[in-house]
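In what follows, a structure is listed as structure tokens, so that the remarks can point back to it.
Values below: every heavy atom of this structure, side chains too, minus hydrogens, waters and symmetry copies. All values derive from a computational prediction rather than experimental measurement. In what follows, chains carry the letters A, B, and so on, assigned in the order in which the sequence lines appear, proteins first and then strands, with residues in each chain numbered from 1.
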There are 2 protein chains.
Amino acid sequence: MNTNGNDATGTIGATKTSFGIVEHIRDHDASGVSEIANDLGISKSTAHNHLKTLAELGYVVRQGDEYALGLKFLDLGDHARTRHALYHASIGEMDDLVEAVGERGQVMVEENGRGVYIYQVKSEQGLQTDSHIGTTVDLHTTSVGKSYLAFCDEERRREILDGELTRLTTKTIDDRDALEAELATIRERGYAFNDEERITGMRAVGAPILSDDETILGAISVSGPTTRMKGEWYHTEVPEMVTQAARVIGIRATYS
Amino acid sequence: MNTNGNDATGTIGATKTSFGIVEHIRDHDASGVSEIANDLGISKSTAHNHLKTLAELGYVVRQGDEYALGLKFLDLGDHARTRHALYHASIGEMDDLVEAVGERGQVMVEENGRGVYIYQVKSEQGLQTDSHIGTTVDLHTTSVGKSYLAFCDEERRREILDGELTRLTTKTIDDRDALEAELATIRERGYAFNDEERITGMRAVGAPILSDDETILGAISVSGPTTRMKGEWYHTEVPEMVTQAARVIGIRATYS
DNA sequence: GCGTTTTGTTCGGGCAGGCCGAACGAGTGT
DNA sequence: ACACTCGTTCGGCCTGCCCGAACAAAACGC
């Protein structure tokens, strides 16, 4: 009766429920035993045992009658992104870029067919964040993602894009052929625009990060509201700054 | 039938090994199946099943014949620290403090009796060394930790300090009474020094972050080499800047 | 080139241990 | 004081975790 998710053979059910609990806590900031048991469809005692184990390991912490995520995940997350050469290479350069442009900047890598932001620099005009560090996005809906798709292996691109292209706004490119055409122009000129394709009212300029003219490491972008991202500045000056920064970061990433 | 004397009853073994594997990968940057099985004392097939599960969940990623940490941990880690009001409150203010002082700054909270850095600002003189985000330290060996101990509940302090005081350098305060005396002076003047008590050649100035004169949220500090951290500037000017910043952060943390 | 020794992977069987349901105890609110 | 819900504990069934052995395949040594 209890088919724990997929019937993938040779897979550990207890681990799945443990991480299910962790994700439940993440999505609710803090959760209690009964709430978790109800939402995940497990018994209270099972939820209790998992939480006890996770607390003992230090991955969740009790506060009163609720459990919250422990900071051991912060350590794991830091190691996960430290692994990417792109992270170290982009730190200083991105700050300079954001200061020059005056809009928010972010660094993305691909994982499991989705884009993940591993670094973000907020600009002076403190627009509140909808995309934190670690957020995953559909590649075809962002300037970083399109930059990545335009410059990665053809077979890899096919793997990623074989599913449906989800549509987030009226301007999202959800047609496969139109996307390929867009990627071709991006590949030609070396950078990508995003004109309200993910969030209405937001534009962005992105560029890929290439290590030694072959392998792609990720992509960077700067993004801001349409009220400020416009005109000649948006169409030529910003792309110039972004591609220049991307070049520098690519060089720094190769030698380290 | 539980003749096992440990109070580890009602605890999930599979979860423990899964996280053991994750931590092994963290400590080795990337690991293979056999290596993990050997080091953790489990069979190859078990390690394989755990890795398969973790990969399916997206918490580890394959690269060739090895596994590395997935960026889903980055998301979890970000949520773990976003939970702390101190994180948001200190972001802008710490950058200003670091720029004014010219040395590296960090923000710490306590978890499970140890200090965890949740934010860090590097200074212009850039050598980044040993303490990343998420690093845990012994409270009695740092200026942030001593600031925390000086201003937290007495019973909490007793819980934390009941064990041995590990000695990291020749100047580490490893005597309980001496530490209590030090904490008293810190409590009186409102800030703490660290004179090579954790790392030889490094000094620091720390101050607690109090929300509404009662509860302590954590602590902040600036740290640098003894060659630069010295004289009247180190003993009076820096503490003034640090405590001032701590006050501002404490106020910002209460109203948010 | 052929052994040899790795690697990762798959396959059954056995028994520990994860999961559940029910009962307990501690709060909280009415 | 009652009723409700919380977290926790306790037995027991039986699943599914763990292991060891066997298999595929790539990386050595000579």
| What is the per-nucleotide protein-contact pattern of nucleotides 6-14 of chain D, from the 5' end, where B denotes a base atom under 4.0 Å from a protein heavy atom, S denotes such proximity for sugar-phosphate atoms only, and - denotes neither? | SBBB-----
| note | With Ser31(B) as partner, the option from His24(B), Arg26(B), Glu66(B) fulfilling side chain to side chain donor-acceptor pair (under 3.5 Å) is His24(B)
In whole angstrom, give the distance that lies between atom [atom1] of [X] and atom [atom2] of [N].
{"X": "Glu56(B)", "N": "dT9(C)", "atom1": "CD", "atom2": "P", "result": "14 Å"}
{"X": "Ile36(A)", "N": "dT5(D)", "atom1": "CD1", "atom2": "P", "result": "19 Å"}
{"X": "Lys16(A)", "N": "dC17(D)", "atom1": "NZ", "atom2": "C1'", "result": "14 Å"}
{"X": "Leu51(B)", "N": "dC18(D)", "atom1": "CG", "atom2": "P", "result": "12 Å"}
{"X": "Ile12(B)", "N": "dG17(C)", "atom1": "CD1", "atom2": "P", "result": "11 Å"}
{"X": "Ile21(B)", "N": "dC18(D)", "atom1": "CD1", "atom2": "C1'", "result": "12 Å"}

| task | Specify whether Phe73(A) and Tyr59(A) have parallel, tilted or perpendicular ring planes, treating 30° as the upper limit for parallel and 60° as the lower limit for perpendicular. | result | tilted
| query | Taking the side chain from Thr215(B) and the backbone from Ser211(B), do they hold a donor-acceptor pair closer than 3.5 Å? | reply | no
| Tyr119(A) backbone acceptor or donor facing Gln106(A) side chain under 3.5 Å | no
| query | Is it true that Glu180(A) and Arg176(A) have a side-chain N and a carboxylate O under 4.0 angstrom from each other? | reply | yes
| request: Applying salt bridge (charged side-chain N to carboxylate O under 4.0 Å, His left out), run through Glu111(B) and Lys72(A) and close with a yes or a no. | output: CA-CA 9 Å; Glu111(B) 190 172 286; Lys72(A) 274 189 121 177; over 6 Å; no
| message | Asp138(A) vs Arg114(A), test: salt bridge (charged side-chain N to carboxylate O under 4.0 Å, His left out). Steps then yes/no. | response | CA-CA 6 Å; Asp138(A) 292 310; Arg114(A) 292 179 61 80; 2.8 Å; yes
| said: Taking only side-chain N and O atoms of Thr46(B), does any of them lie within less than 4.0 angstrom of OP1 or OP2 on dC18(D)? | reply: no
| query | Does Gln63(B) CD have over 12 foreign heavy atoms under 6.0 Å away? | reply | yes
| request: Return the stems involving DNA chain C, sorted by first number, where pairs are Watson-Crick (N1-N3 with N6-O4 or O6-N4) or G-U wobble (N1-O2 and O6-N3), both under 3.5 Å, and runs are 3 or more long. | output: C:5-24 with D:7-26, C:26-28 with D:3-5
